[in-house]
Participant: 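Before we start, here is the structure in question, set down as structure tokens.
This structure is a prediction, so every number in the text was calculated from the model and none was measured.
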Amino acid sequence: MAHVWGMILKRLALGVVTLFVVSILIFMATELLPGDFAQEILGQSATPETVKALREQLGLDQPLLTRYLSWLGDILRGDLGNSLANGNSVSELIGKRLGNTLYLALYAAAIAVPLSLTLGILAALYRNTFFDRFANAAALTSISFPEFFVAYILIFWLAGAGGIFPSMSNFRTDPTLSEFLYRAFLPALTLTLVVTAHMMRMTRAAIINLLASPYIEMARLKGMSPIRVIVKHALPNALAPIINVIALNLAYLITGVVVVEVVFVYPGLGQLMVDSVSARDMPVVQGVALVFAGAYVLLNLTADVLATLSNPRLVHGR
Amino acid sequence: MGFLTGLAWLVAIVIGVIAIGWTFRAFTVAISPKPLAKELRTAPLTASFGMVIILIYIIVAIFAPAIAPFSETEIVGREYEPWDDTFLLGTDNLGRDMLSRLIYAARNTVGIAFITTALAFILGSVAGLLAATVGGWIDQLLSRAVDVLMAIPALIFALLLLTIVGTSIINMILVIALIDSTRVFRLARAVAMNIVVMDYVEAAKLRGEGLWRLISREILPNALAPLVAEFGLRFCFVFLTISALSFLGLGIQPPTADWGSMVRDNATLMTFGDITPLLPAGAIALLTVCVNWVVDWQLHRASGLKE
């Protein structure tokens, strides 16, 4: 077991390095602003004196490295600065919405992952039949649909005149669980439809890749039923690529929420980011990008670790 | 709309796709010379349907001014007029003819997506081939830089960069081309890595061929097949990203007609049960599906996979 922990520690260290580099990249974004931060905040009312005063107040007269270190220190303490548009604390803005976005992504994942695994196994079981062809064509089609197209079709079909579900999921107060599940159903369904196809195709491919191996043939010759061959013998060995694909799609869910949140007026991080980009509110965009990028890196890291752990050859060693 | 009506539409669409695909395949096989006909015969119905639609899109994009009944930006009537004889698909939120804007948008959206993909490809494959051929610290530098750029999700990174440079068409093209070229770089480098170690490349080096000639004459021709297939896939991604950005109001700016922003501008009509706003979104979806189907066929052929 020992060398597996070593391997995992190495991966974790690499993840920390990645996060660090991402933070540098996001910090440098402000440096690339034409003019600088102080000018940007003051806008029209920028006189040389006010700009100079604000620069000193923000510490912009310090060298680059000092500023980066203090910025990083602030972030580690949970302080992301203040919004340029309304002066609110960015951490507070994000804090209010982060939960909503995570719940939505989890909601979608809870539907999408079991669904796509089942469909993938079924497609592998009935490969080259009409069901498989149909599932394949449907998957390819749904990958190609823009999220907002799927979302509006669902709105048109399930909401609107005589519909069952609300087309807008903005809730002002804290909703109860059942209310949340009801109001967020359409956005979650949209996200599910967008990611299921890819996961299903990869599950099918990962299983079919193994079907030519000798131990599968052995199991078949023993007279095992096809479903048992696939679930008992092929699936455990196909786990590593499947876990990777699931993690990749969960990471995609986190960024995919941006468009879906805008369509359904869902009060999440994505909407905050889009509003801030059009207002060029740099601190907010930086903060949200940092959260998204962090989640993305963490998910990929988890996938790597899980894929390692699912491989007995690596866990037990020689 | 009832569930059964939806199902009936779905069946009708599937039958339509099969019919068009079959007709086009039979037609092209009949008129093309023998070697080409043999290839075309292997095309699944989905792929041949895809080729018809792509052809139609290209024709519409090129001859947009001749086909469109009105101009792109002219206000010709009241807002949100219903479908009638003059305005075949009604008018939009400012009273511009919907059909004309749909036709012009084919030119704008598809054209911009194509330019962006081409730019990403030139950038990515030149860097990738260079990294693989030269190796050493150039390879290390480029590869690590790409690793860093790929650590941030593409859409989020695009939004971050657009905040810095501001939203305009040129900026969007450059930002997306830069982000997308990292994916092309990975592929080009991986493919070229396998070619660089071949004997004929070694021989060419010993012959004293220069770097540029080595890349363009020895390596590129052998790396072309996977790169071309990738071009189709990347085009779909770029096209969807641009549409998403335009839909968010951060991409192609008004008054230029564009499918993404048309959906956004007319979305209110949806609540009255009017499907007009779905048409531009459908146009995006249809083109992406068709490109994917054709690429799928090509990849399948190239890989020689049977199961």
Participant: Hey, which residues of residues 235-243 of chain B are touching chain A, say heavy atoms under 4.5 Å apart?
Facilitator: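 Against chain A, the residues of residues 235-243 of chain B that fall inside the cut-off (heavy atoms, under 4.5 Å) are B/Leu240, B/Ser243.
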Participant: Measuring heavy-atom distances to chain A, does B/Leu250 have an atom under 4.5 Å in its side chain, in its backbone, in both, or in neither?
Facilitator: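 Answer is side chain: those atoms of B/Leu250 sit under 4.5 Å from chain A.
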Participant: Quick one: do A/Asp304 and A/Arg11 make a salt bridge, cutoff under 4.0 Å?
Facilitator: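 Judged by the 4.0 Å cut-off on N to carboxylate O distance, A/Asp304 and A/Arg11 do form a salt bridge.
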Participant: Are A/Glu261 and A/Thr101 close enough, and set up right, to give a side-chain hydrogen bond (donor to acceptor under 3.5 Å, both in side chains), and what steps lead you there?
Facilitator: CA-CA 9 Å; A/Glu261 276 176 9; A/Thr101 292; 2.9 Å; yes
Participant: Could you list which of residues 275-284 of chain B have a heavy atom closer than 4.5 Å to any heavy atom of chain A, in residue-number order?
Facilitator: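 Result: B/Ile275, B/Leu278, B/Ala281, B/Gly282, B/Ile284.
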Participant: With a 3.5 Å distance limit and no angle check, can you tell me whether A/Gln271 reaches the backbone of A/Val258 through a side-chain donor-acceptor pair?
Facilitator: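 Flag not set: sc A/Gln271 to bb A/Val258 has no pair under 3.5 Å.
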Participant: How many angstroms lie between atom CE of B/Met262 and atom CG of B/Asp265, to the nearest 0.5 angstrom?
Facilitator: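 The CG atom of B/Asp265 is 8.5 Å from CE of B/Met262, to the nearest 0.5 Å.
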Participant: Is it the side chain or the backbone of A/Tyr152 that comes within 4.5 Å of chain B heavy atoms, both, or neither?
Facilitator: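 The answer is both parts of A/Tyr152.
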Participant: If I measure from the heavy atoms of chain B, does A/Thr18 come under 4.5 Å with its side chain, its backbone, both, or neither?
Facilitator: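 A/Thr18 touches chain B through side-chain heavy atoms alone.
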Participant: For residues 169-176 of chain B, tabulate all N or O donor-acceptor pairs below 3.5 Å that involve a side-chain atom, not counting sequence neighbours.
Facilitator:
{"residue": "B/Asn171", "atom": "ND2", "partner": "B/Val165", "partner atom": "O", "Å": "2.9"}
{"residue": "B/Asn171", "atom": "ND2", "partner": "B/Gly166", "partner atom": "O", "Å": "2.9"}
{"residue": "B/Asn171", "atom": "ND2", "partner": "B/Ser168", "partner atom": "OG", "Å": "3.4"}

Participant: Using modelled atom types only, decide if a donor and an acceptor are shared between the side chain of A/Thr203 and the backbone of A/Gly120 within a distance under 3.5 Å.
Facilitator: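 Flag not set: sc A/Thr203 to bb A/Gly120 has no pair under 3.5 Å.
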Participant: Quick one: CG on A/Leu248 to NE2 on A/His198, what's the gap to the nearest 0.5 Å?
Facilitator: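 Reported to 0.5 Å precision, the distance equals 6.5 Å.
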Participant: B/Ser48 and B/Phe24: which non-hydrogen atoms are nearest, and at how many Å?
Facilitator: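 Taking B/Ser48 first and B/Phe24 second, the nearest heavy atoms are O-CD2, 3.4 Å.
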Participant: Which heavy atom of B/Asp180 sits nearest a heavy atom of B/Ala120, and at what distance?
Facilitator: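 Shortest heavy-atom contact: CB-CB, 3.9 Å.
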Participant: Which heavy atom of A/Ile216 sits nearest to which heavy atom of A/Leu210, and what is that distance?
Facilitator: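 It is CG1-O, 3.4 Å.
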Participant: For chain A, find its close neighbours in residues 140-159 of chain B: heavy-atom separation under 4.5 Å, sorted by number, or none.
Facilitator: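 Heavy-atom contacts from residues 140-159 of chain B to chain A are B/Val148, B/Leu149, B/Met150, B/Ala151, B/Ile152, B/Pro153, B/Leu155, B/Ile156, B/Phe157, B/Leu159.
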Participant: Which atom pair, heavy atoms only, marks the closest approach of A/Val284 to A/Ser276?
Facilitator: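 Minimum heavy-atom separation between A/Val284 and A/Ser276: CG1-OG, 3.2 Å.
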Participant: Quick one: do A/Arg97 and A/Asp275 make a salt bridge, cutoff under 4.0 Å?
Facilitator: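 Result for this pair is no, no salt bridge flagged.
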Participant: If we ignore hydrogens and angles and just use 3.5 Å, is the side chain of B/Ser246 paired with the main-chain N or O of B/Ile252 as donor and acceptor?
Facilitator: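 Checking the backbone N and O of B/Ile252 against the side chain of B/Ser246, a donor-acceptor pair under 3.5 Å is found.
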Participant: To check you understand the geometry: which heavy-atom pair defines the closest contact between A/Ala123 and A/Arg204, and what is its length?
Facilitator: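 Shortest heavy-atom separation between A/Ala123 and A/Arg204 comes out as CB-CD, 3.7 Å.
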Participant: Check each atom of A/Val277 against the heavy atoms of chain B and say whether the ones under 4.5 Å are side chain, backbone, both or neither.
Facilitator: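 Its backbone and side chain both get close to chain B.
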Participant: Side chain, backbone, both or neither: which part of A/Ile24 has a heavy atom under 4.5 Å from chain B?
Facilitator: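 Looking at A/Ile24, nothing touches chain B.
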Participant: Supply the atom-to-atom distance B/Thr109 OG1 to B/Leu287 CG, rounded to the nearest 0.5 angstrom.
Facilitator: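 Going from OG1 on B/Thr109 over to CG on B/Leu287, the span is 10.0 Å.
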Participant: May I ask you to name which of B/Leu245, B/Val14, B/Thr288 has the most heavy-atom pairs under 4.5 Å with chain A?
Facilitator: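 When all of B/Leu245, B/Val14, B/Thr288 are compared, B/Thr288 has the most.
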Participant: Check the pair B/Asn292 / B/Asp296 against side chain to side chain contact (heavy atoms under 4.5 Å, CB included), numbers first and verdict last.
Facilitator: CA-CA 6 Å; B/Asn292 258 330; B/Asp296 204 43; over 6 Å; no
